[in-house]
Amino acid sequence: MENSTSLVGWKRSHHLNELNISHNNQTVILMGWVQNRRDHGNLIFIDLRDREGQTQIVLDPAYAEEAHKLGEGIRSEFVLAAKGQVRPRPEGMINENLATGKIEVLVKELKILNACESLPFQIQSQIEAGETIRLKHRYLDLRRPSVKSNIMTRIKFVKAMRKALEDQGFLDIETPTLYKSTPEGAREFVVPSRINPGDFYALPQSPQLFKQVLMVAGFERYYQVVKCFRDEDLRADRQPEFTQIDCEMSWEEAEGIMQAMESAVSQATTELTGKNINSPFPKMTYSEAMENYGCDKPDTRFDLHLINISKIVASSDFKVFSGAINTGGIVNCIRIPKGGQFTRKDLDELTEFVQLHGAKGMAWAKIQEGEGADSWQSPFSKFLLDTVIDEINQLSGAEPGDLIVFGAGSYKNTKASLAALRLKLGEKLNLYDEHQLNYLWITDFPLMEKDERGKMAALHHPFTAPRPDDIPLLETDPEKALASAFDLVLNGNEVGGGSVRIHDQELQKKVFRAIGLTEEEAESKFGFLLEALKFGAPPHGGLAFGLDRLIMILTGEKSIREVITFPKTNKGTCLMTNAPNKVTGEELRDLHIRVHKLESE
RNA sequence: GGGGGAGUAGUUAAGUUGGUUAUAACGCCGGCCUGUCACGCCGGAGGCCGCGGGUUCAAGUCCCGUCUCUCCCGCCA
């Protein structure tokens, strides 16, 4: 038998998850990788794996001598084609863990289509190699069933989303990737223009303005599964290029947009997980979320609310509290049921943790039987009146055995640190079901906020419409104006952001003015939008889903790198291709670019 | 830009107070084995202890620097 590595006339008949007892006696041709080889001296068993599954093939020298001879040289991840006959496994030899475990294929003819060197790591779900080596050999990593299944989940979800959106009349329309630089918000990736010396394109942070223009163009409903780019530092849930399912629709107010989006994402989630999810999704206003959870993306799978006690302790003798309030800050606390058992070490750890998130410290009180100061075992109970302590106990619902922790300071730091603490406690105390999926809408965001330099900036983006009632505030008290904006939150992660857009040119100009853009700046950055709005722009709005994060949560992964085929490292490099890299002087000359010599060179 | 963790065989890890030839599992190589399925049994090879410097009679271990991976803060309209 000639053992060519090409297929010459061989055609695969089945995937490796397909065969069962009903195929008994059929002659089949299988192709795949060697997951495992068990050589019994005479009989050789090979687990052959393809993208769908695994099937055991048997090499028996008594049946096919040549195939068996070839089998002796076969190693892990060799690529094989096997022609043979399906037969039931002998009594007691059934593998219940395998879809094809009731049968095996007795090989008549075998082809080694390719060999494989000894592997840098084993192709098994349960063996976790380091990330460096995994990313360097991502093609091997992707062979591992666990990683492959994440990618398959992603494909399935996107397919379901496309169907749900197209059923609602959304059209898949492409927008440019070479876009215009509009420095505002996230740092952009820029691309030099060879034909226009000194000019640059930017890669889009989102196709926001193009999709709005598509509404002006009359497409009415648009969607796109689209790459977006932000040149910011990476995180477990942030990559410099990421994918959005980007949607925009005309003739709808906030409610209609949310309904359409919720319907799509709940359908897709249900189809993917087979679980009944909590649609209609609950809604919570931004201010409620901040008040009770300290952040705009609360994980509602567990309680542990933040409790505002600013008023109660404003005039107390405890300087940490009264001082915070006198300087315009707040005092919040969290009641931790059964938290009284925390040791000094636990409390120190929690204190250190809140300090990482901007808090100055963490006050605490263990609750015991009694009233007033007697009910608290706490380093600072002596500074508080009995009535104050009773009031805090009552407001928080604290019972003996509980712990109350306190944060005091600026609004921002206190909320942020207690929000982080809340999440940590939720995890530490096992307060929620990991597999639960809690979608939640956050609504009524502020339209704009002051940044650290006191400059007004759009919270969402500057094309977000204010709530109609709040338009007059733009000129008097813009910080108070609320936006027709809404975020979709899943288990404490922002997985979508949307809004009604401004379709009125004058209103758009007003908003640009309110965030401090001069007419000239507005014109040079967004002139084309203002222009388009003059020509019959319909009311419209939309939302973009963060696909990577959604899939991360739906697969239960801790990092979006696990659901992206070729992710970048924390330094934005690709370990497989070694991007980014230097370009030649000639290329730079063509692009009219000179690179400063770095000191290290 | 800042803080934490990690880097030892192909891989994952152990390595005590600084002290003989740096361990183990899996993988790899060779041999045996007709019913295994993470097969089994016997044998073997495999090390720039990330890199550079320092302290010391002696460094995987201590100190300084540096690189890479990772988590977080800042940043992410």
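Below, chain A is the first sequence line, B the second, and so on; all start at residue 1. Note that the coordinates shown come from a computational prediction; the quantities given were computed from them, not determined experimentally.
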What is the distance, to the nearest angstrom, from the [atom1] atom on [X] to the [atom2] atom on [N]?
| X | N | atom1 | atom2 | value |
| --- | --- | --- | --- | --- |
| A:R38 | B:C32 | CZ | P | 20 Å |
| A:Q239 | B:U70 | CD | C1' | 13 Å |
| A:Q124 | B:G10 | CD | P | 19 Å |
| A:H460 | B:C76 | NE2 | P | 15 Å |
| A:E65 | B:U34 | CD | P | 15 Å |
| A:E131 | B:G7 | CD | C1' | 14 Å |
| A:E117 | B:G27 | CD | P | 19 Å |
| A:K360 | B:C73 | NZ | P | 19 Å |

Rounding to the closest angstrom, what is the interatomic distance between [N] and [M] at atom [atom1]?
| N | M | atom1 | answer |
| --- | --- | --- | --- |
| B:A45 | B:U55 | C1' | 37 Å |
| B:G74 | B:G4 | C1' | 15 Å |
| B:G50 | B:G5 | C1' | 16 Å |
| B:G44 | B:A59 | C1' | 31 Å |
| B:C64 | B:C73 | P | 27 Å |
| B:A24 | B:C62 | C1' | 26 Å |
| B:U8 | B:U21 | P | 23 Å |
| B:C63 | B:G18 | P | 10 Å |

5'-most by nearest nucleotide on RNA chain B - A:L98 or A:G130
A:G130
Earlier contact from the 5' end, RNA chain B, for A:G92 and A:F463
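Final value for this comparison: A:G92.
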What is the base-pairing partner of B:U68, counting Watson-Crick and G-U wobble geometry with both distances under 3.5 Å?
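Across all strands, the one nucleotide that pairs with B:U68 is B:A6.
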With no angle test and no hydrogens, is the base of [N] tied to the side chain of [X] by a donor-acceptor pair under 3.5 Å?
| X | N | result |
| --- | --- | --- |
| A:R187 | B:G1 | no |
| A:N95 | B:C37 | yes |
| A:R89 | B:C37 | yes |
| A:E104 | B:G35 | yes |

Nearest of [options] to any side-chain atom of [X]?
| X | options | result |
| --- | --- | --- |
| A:S559 | B:C71, B:U70, B:U34 | B:C71 |
| A:D47 | B:U36, B:C37, B:A77 | B:C37 |
| A:R238 | B:A77, B:U36, B:C76 | B:C76 |
| A:R75 | B:C69, B:G30, B:A77 | B:G30 |
| A:R230 | B:C37, B:C76, B:G10 | B:C76 |
| A:H357 | B:A77, B:C73, B:C71 | B:C73 |

How many angstroms lie between atom CD of A:Q224 and atom SG of A:C247, to the nearest 0.5 angstrom?
10.5 Å
Could you give the distance from CG (A:L59) to NE2 (A:H68), rounded to the nearest 0.5 Å?
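Here the rounded value is 6.5 Å.
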Near-parallel close stack of A:F121 and B:U11 base (under 5.5 Å, under 30°):
no
Touch check for A:L459, heavy atoms < 4.0 angstrom, all strands: base, sugar-phosphate only, or nothing?
sugar-phosphate
Have a look at A:R49 and say if it touches a base, only the backbone sugar-phosphate, or nothing, with a 4.0 Å heavy-atom cut-off.
nothing
A:Y432 OH: over 12 foreign heavy atoms closer than 6.0 Å:
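Count over threshold, so yes.
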Examine [N]: is either OP1 or OP2 under 4.0 Å from a nitrogen or oxygen in the side chain of [X]? Give yes or no.
| X | N | answer |
| --- | --- | --- |
| A:R235 | B:G74 | no |
| A:K571 | B:C69 | no |
| A:R37 | B:C37 | no |
| A:N570 | B:C71 | yes |
| A:T132 | B:G50 | no |
| A:T569 | B:C69 | yes |

Closest heavy-atom pair and its distance - [X], [Y]:
| X | Y | value |
| --- | --- | --- |
| A:I112 | A:F78 | CG2-CD2, 3.9 Å |
| A:P240 | A:F189 | CB-CZ, 3.7 Å |
| A:P207 | A:V226 | CG-CG1, 3.7 Å |
| A:I44 | A:G71 | CD1-C, 3.8 Å |

Are A:E248 and A:R501 close enough for a salt bridge, meaning some N to O gap below 4.0 Å?
yes
